[in-house]
Student: 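For reference, the structure I am asking about is given below.
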Amino acid sequence: MSRRLRLLFAALALAALLWLMFAAAERALALAQRFLELPTYLQWTLGGLLLAFAAVGLSVLWWLLRPRRKRRPPPVPDRGSLEQRIGQLREHGADTGALAAELGELDRRRLGARLYVAVFGEISTGKSSLIRALAPHAQLVSDARGGTTRAVSHYDSTLPDGRNLVLADVPGSRESGGEARETAAREEALRAHVVIYLCAGDLTRAQVDELRWLADFGKPLLLVLNKADQWSATERDQLLARLRQQSRGIASAVVAISAGGSERYQRQLADGSSESVERQRKPDIDPLLQALSRLTAPGAEGLEQLRENAVLAGLHQRTGTLEAQTRAEQAERIVRKYARRAIVGAVAAVAPGSDLVIQGALATGLTRALAELYGVKVSEVQIEDFVRQAKLTLRTGSSIVLAVAGNALKAFPGLGTLGGGVLHAFAYALIFDSMGRALAASLAERHTLDQDDAGARLKELLADAGSGRMRKLAALTAEAMREKTDD
Ligand SMILES: Nc1nc2c(ncn2[C@@H]2O[C@H](COP(=O)(O)OP(=O)(O)OP(=O)(O)O)[C@@H](O)[C@H]2O)c(=O)[nH]1
Ligand SMILES: [Mg+2]
């Protein structure tokens, strides 16, 4: 809802409230008289209703006028803590090469003290053409077919005032199937001192989001409308006005240019035949050069702190993603270990046909190990509660689990050769796998042992007979049972 509309509603609500208060005041005296004459229970009912009415009015007012939450910029960690986290990840066997390389590049560029400008935007908006116009002698790298940019490349260029800069040509975003290239482009944009965001018309919602994403990292931005030659002067001015509105508070300047690019046309030859010729359009990028000179006036050193903050904030996010991934892998190993133990235990102790009962000691161990992995403090009582709840879930869900296990036995005939007890063994693999996954997912998301959430996930997983998961559990069951019989 727009702010104006909200204010209008607020004014209306206020007027209604005032009117009510006046009307109430006017009648208050008369009412008071009659009120006092009423029996006590009616006095209370009437009073309660009035109070409820006022409460509703006030909450509507609050809803309309409540402060909107501002977008929060991504946090900038200090370098030391980031290095420590990366070190820990490395110790856990995670591939931290890219993160370390990013830190290395951060230092390399700081020491080089050159001014980096990235040309960023959706595919085919004319980024490479603009680089050609800004660095006429550069040999651009692009895919032979279609001229699409596939990787980040750098080119030397000079501003009209003689200052040197390094231009980064990056792959276009929002290319279908080009997610990895888009990530590379975004990372390069964070490494630059200034970003030129190129578009070729009105901004789509995705483009606005992309611009906001850059602005959230504190990136100095120029929003540049390319291919201005395709519009009349009036159309171009209208477009510029809309772009200014869409990028208010985000872009430092909005300008229109023609990067040039090439066009094909048919040339008539003297003998009457024709040939197709490619020629370069004449670029017109003066407004951009002026805006770029202004925005880069502080120079590489003046803009370095902003740049470093953006790179560190980006690294913080990437490190967080790798941490979550590494933890998920560790969780999977823990779950596998306990599921295996449960299978072995089942083969040793469960008589065929008997009920399924969660092995308490194993369930407790699994819960404790996962809580520790996710850094969640849990008390013995909480663990006991969770295990008790899981046991209850299983008591009512036993038939489902056995049915799922039975189907798996049919689907993987090899299991049948393992002899008696295999149905129970598989059922226990399924139970412990479900319990572990439910706990891990809940702990990762809630950062606490939330019984209800973990319980709901457990129920879902016990009945989930996805074929990939069943295949893994069948393999685990076969492996554990064979090992057991080999003992
Ligand atoms: N009319 C017009 N066409 C342009 C202009 N600039 C670029 N083009 C054309 O737009 C198309 C895409 O240009 P590129 O420079 O390859 O665009 P890009 O953004 O680098 O594309 P990707 O690398 O695939 O993301 C080409 O056909 C260019 O000739 C311009 O100023 N005017
Ligand atoms: Mg390109």
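Start at 1 and go down the list; that is how both ligands and their atoms are numbered.
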Student: Give the numbers and elements of all ligand 1 atoms closer than 4.0 Å to a heavy atom of S128.
Tutor: 15 (O), 18 (P), 20 (O)
Student: Less than 6.0 angstrom from the centroid, inside 45 degrees of the normal: does R341 satisfy that with respect to the ring of F432?
Tutor: no
Student: What do you get for the angle at the Mg ion (ligand 2) between OG on S128 and OG1 on T149, to the nearest 10 degrees?
Tutor: 90°
Student: Judged by atom type as modelled, is there a donor-acceptor pair below 3.5 Å linking the side chain of S273 to the main-chain atoms of L269?
Tutor: no
Student: Side chain, backbone, both or neither: which part of I257 has a heavy atom under 4.0 Å from ligand 1?
Tutor: neither
Student: Is the number of heavy atoms from other residues, nucleotides or ligands under 6.0 Å of E263 CD greater than 12?
Tutor: yes
Student: Relative to ligand 1, is D169 under 4.0 angstrom through side chain, backbone, both or neither, heavy atoms considered?
Tutor: neither
Student: Within a 6.0 Å radius of atom CZ on R174, are there more than 12 heavy atoms belonging to other residues, nucleotides or ligands?
Tutor: no
Student: What do you reckon, does A228 have a nitrogen or oxygen under 3.5 Å from a nitrogen or oxygen of ligand 1?
Tutor: no
Student: Examine the proximity of ligand 1 to R281 and report which part, side chain or backbone, both or neither, has a heavy atom under 4.0 Å away.
Tutor: side chain
Student: Please name the pair of heavy atoms, one in R307 and one in R110, separated by the smallest distance, quoted to 0.1 Å.
Tutor: NH2-N, 3.9 Å
Student: Give a yes or no on this: more than 12 heavy atoms of other residues, nucleotides or ligands lie within 6.0 Å of atom CD of E83.
Tutor: yes
Student: Looking only at distances, can you tell me whether any N or O atom of V170, backbone or side chain, sits closer than 3.5 Å to an N or O atom of ligand 1?
Tutor: no
Student: Using a strict cut-off of 4.0 Å, indicate which atoms of ligand 1 neighbour a heavy atom of Q230.
Tutor: 1 (N)
Student: Fit a plane to each ring of Y116 and H154, take the angle between them on a 0 to 90° scale, and name the class: parallel (under 30°), tilted (30 to 60°) or perpendicular (over 60°).
Tutor: perpendicular
Student: Counting heavy atoms only, which of T125, I131, N226, I123 comes nearest to atom 6 (N) of ligand 1?
Tutor: N226
Student: F120 versus E210: any side-chain heavy-atom pair under 4.5 Å?
Tutor: yes
Student: Tell me the contacting part of E175 for ligand 1: side chain, backbone, both, or neither, using a 4.0 Å heavy-atom threshold, strictly below.
Tutor: neither
Student: How close do E188 and A168 get, counting heavy atoms only, and between which atoms?
Tutor: OE2-CB, 3.5 Å
Student: Counting each atom of ligand 1 from 1 as listed, which ones have a heavy atom of D229 under 4.0 Å away?
Tutor: 1 (N), 2 (C), 30 (C), 31 (O), 32 (N)
Student: Do any N/O atoms on G260 end up under 3.5 angstrom from N/O atoms on ligand 1?
Tutor: yes
Student: Numbering the atoms of ligand 1 from 1, which are under 4.0 Å from a heavy atom of G172?
Tutor: 25 (O)
Student: Could you pull out, from S129, A259, S124, the option with a heavy atom nearest to atom 15 (O) of ligand 1?
Tutor: S129
